[in-house]
Amino acid sequence: MTNTTPIPIPMSSPDITDAERQAVLEVLNTPNLAMGPRIDEFEEVIAAYAGAKHAIAVNSGTAGLHLCVRAADVRENDLVVTTPFSFVASTNVLLFEKAIPVFVDIDPLTGNIDTFKAAEAVKEVQQGGSALRRWLPRKGAEHPASLKALLAVDVFGQPADYDSLRRITNSAGIKLIEDSCESLGAEYKDRRTGVLGDMGVFAFYPNKQITTGEGGIIVTNDDQADHYMRALRSQGRAPGDTWLQHTYLGYNYRMDEMSAALGIAQMKRIEELLAKRQQVADWYEERLSEINGVESPVLIKETTRPSWFVYVVRFDASLNRDKIAEDLKARGVPVRPYFLPIHLQPYMVEQFGFRPGDFPVTEDLGRRGLALPFSSVMTEHQVDIVCQTIRECIHHSM
């Protein structure tokens, strides 16, 4: 009897070949599984690719962002301007240091931080008094200290407006941290992401452009920040310290040798991987343009090269996104809301008193956005199935 059950479409899938498997196996056949030559090589590869002086491999993008926050001297009650439209890690790393997030709403086209609002926030926060209070959370910010940084996010692989953000942070004398965890390979005005701020972070979870399983890497041109973050990732052990000496309070944020070997092998295919993801995005855009009620991602002219992390569409406000999502899942198409606004996460509401309506653009995109199945191994036939199912679900919802 023939099995007619359709092959399931995965939400995402890593693109792994025998070359990557062999690279990891070679490490496993040595006695050196940590703090070895593959880490050094991977750092050199990423630094060269990003055009950075330094690269510091870590065990996650979150760890990388946390070290950047430490390098920016963010301390208890310090303020950092950032966006509520992101994965929670970009805010959590501030809370790790008991800092206060100053949220700024987003550009409705890109989902990136609104640079006009960011400039207003930085100016008024530094003025202090009633101007500052306008930007603080309702609670949990009774004793604000200094504004230390602006943390921007390259949402879904499209860079933020870094020339504008650079002018803001330079004028204010604060650090610009670039959360490039979703944008490896993307270009802003023909310049690659990662080094458009004072320090940036790439991440390599299995759904990213390249993967190391778990892992991330910091890139920077700042010698002092490199020295400090490199020590912090390894239990605070600074150059010159012996194995049991620790100059700083640090963390075990190191990447292992197997992950680095996988990353090196993936980086040899980076252009292939980015091109394959672009092809899938092109298939989606062509087919979705024929479906009423669905908006494909918008690329602005400053993005001279996107780097597709996920493919997030927006449904017309007249449609019930959640009902359509449930219908898609029931028909074998996995989807996921992207993003759930950070300020409305339960722990953020409890700690800071945020409410619905605080950041209307973020909340609107959070209500209407839906990530579709996406990876570099996705086939045109699978895209056809997803788009046809979306068409049917929209029709069914009316």
Side-chain angles (χ1 to χ4, degrees), residues 35-74 93 148-154 159-160 162-163 165-167 169-170 173-204 208-210 212 215-234 236-241 247-248 250-251 253-255 257 259-260 263-264 266-268 270-271 274 304-305 307:
M35 300 178 67
R38 270 78 171 188
I39 296 291
D40 296 339
E41 183 181 351
F42 186 44
E43 290 176 341
E44 291 169 3
V45 167
I46 294 292
Y49 184 77
K53 188 174 180 181
H54 306 288
I56 306 133
V58 289
N59 58 20
S60 69
T62 305
L65 288 171
H66 186 204
L67 295 186
C68 288
V69 167
R70 288 291 306 272
D73 195 34
V74 174
V93 296
K148 290 289 182 67
L150 189 157
L151 193 159
V153 181
D154 300 336
Y162 283 100
D163 284 351
L165 294 174
R166 214 10 141 173
R167 286 191 291 271
T169 56
N170 285 350
I174 61 176
K175 295 295 185 181
L176 177 55
I177 300 171
E178 182 179 356
D179 180 346
S180 303
C181 291
E182 300 179 0
S183 72
L184 179 70
E187 295 179 4
Y188 168 82
K189 298 181 180 179
D190 297 317
R191 288 135 52 199
R192 282 184 180 158
T193 57
V195 291
L196 302 174
D198 292 293
M199 43 200 137
V201 181
F202 300 118
F204 309 122
K208 294 296 200 301
Q209 292 87 344
I210 73 161
T212 58
I217 202 162
I218 308 162
V219 288
T220 185
N221 291 320
D222 185 324
D223 294 343
Q224 185 174 354
D226 169 69
H227 174 96
Y228 184 56
M229 291 187 287
R230 201 172 290 279
L232 290 190
R233 74 161 175 190
S234 190
R237 193 179 296 114
D241 286 351
T247 299
Y248 308 105
Y251 314 91
Y253 280 173
R254 297 188 301 265
M255 178 181 281
E257 283 283 279
S259 296
I264 294 164
Q266 288 262 283
M267 282 301 295
K268 291 177 181 177
I270 182 63
E271 292 304 318
L274 293 177
T304 46
R305 186 186 193 185
S307 178

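- The shortest distance between side-chain heavy atoms of Arg192 and Ser183 does not fall below 4.5 Å.
- Looking at Ile56 and Arg230, their side chains come closer than 4.5 Å, going by heavy atoms from C-beta outward.
- Here the shortest heavy-atom pairing between Ala186 and Ser307 reads N-CB, 3.5 Å.
- Scanning all heavy atoms of the two residues, the minimum distance from Ala50 to Thr193 falls at CB-O, 4.3 Å.
- Inter-residue side-chain proximity for Met229 and His54 is flagged as unmet; no heavy-atom pair is nearer than 4.5 Å.
- Between Asp163 and Lys189 a salt bridge is recorded (basic side-chain N to carboxylate O distance below 4.0 Å).
- No side-chain heavy atom of Lys208 sits less than 4.5 Å from a side-chain heavy atom of Leu184.
- Between the side chains of Tyr248 and Arg70, no donor N or O sits under 3.5 Å from an acceptor N or O.
- When all heavy atoms are compared, the tightest approach of Ile210 to Gly263 is CD1-O, 4.2 Å.
- The closest side-chain heavy-atom distance from Tyr253 to Leu232 is not below 4.5 Å.
- The pair Arg191-Glu178 does not meet the salt-bridge criterion, since no charged nitrogen lies less than 4.0 angstrom from a carboxylate oxygen.
- Using modelled atom types and a 3.5 Å distance limit, the side chains of Ser180 and Asp154 yield a donor-acceptor pair.
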>> Pair Lys268, Glu41 - check salt bridge (charged side-chain N to carboxylate O under 4.0 Å, His left out), show working.
In response: CA-CA 12 Å; Lys268 291 177 181 177; Glu41 183 181 351; 5.5 Å; no

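- Annotation: side chain of Lys53 is not in contact with side chain of Asp226 (no heavy-atom distance under 4.5 Å).
- Looking only at side-chain heavy atoms (C-beta outward), Glu257 and Ile39 come within less than 4.5 Å of each other.
- The shortest distance between side-chain heavy atoms of Phe204 and Phe42 falls below 4.5 Å.
- Considering CD1 of Ile177 and CG of Leu150, their distance stands at 9.0 Å, rounded to 0.5 Å.
- Neither side chain, Tyr228 nor Asp73, offers a donor N or O lying under 3.5 Å from an acceptor on the other.
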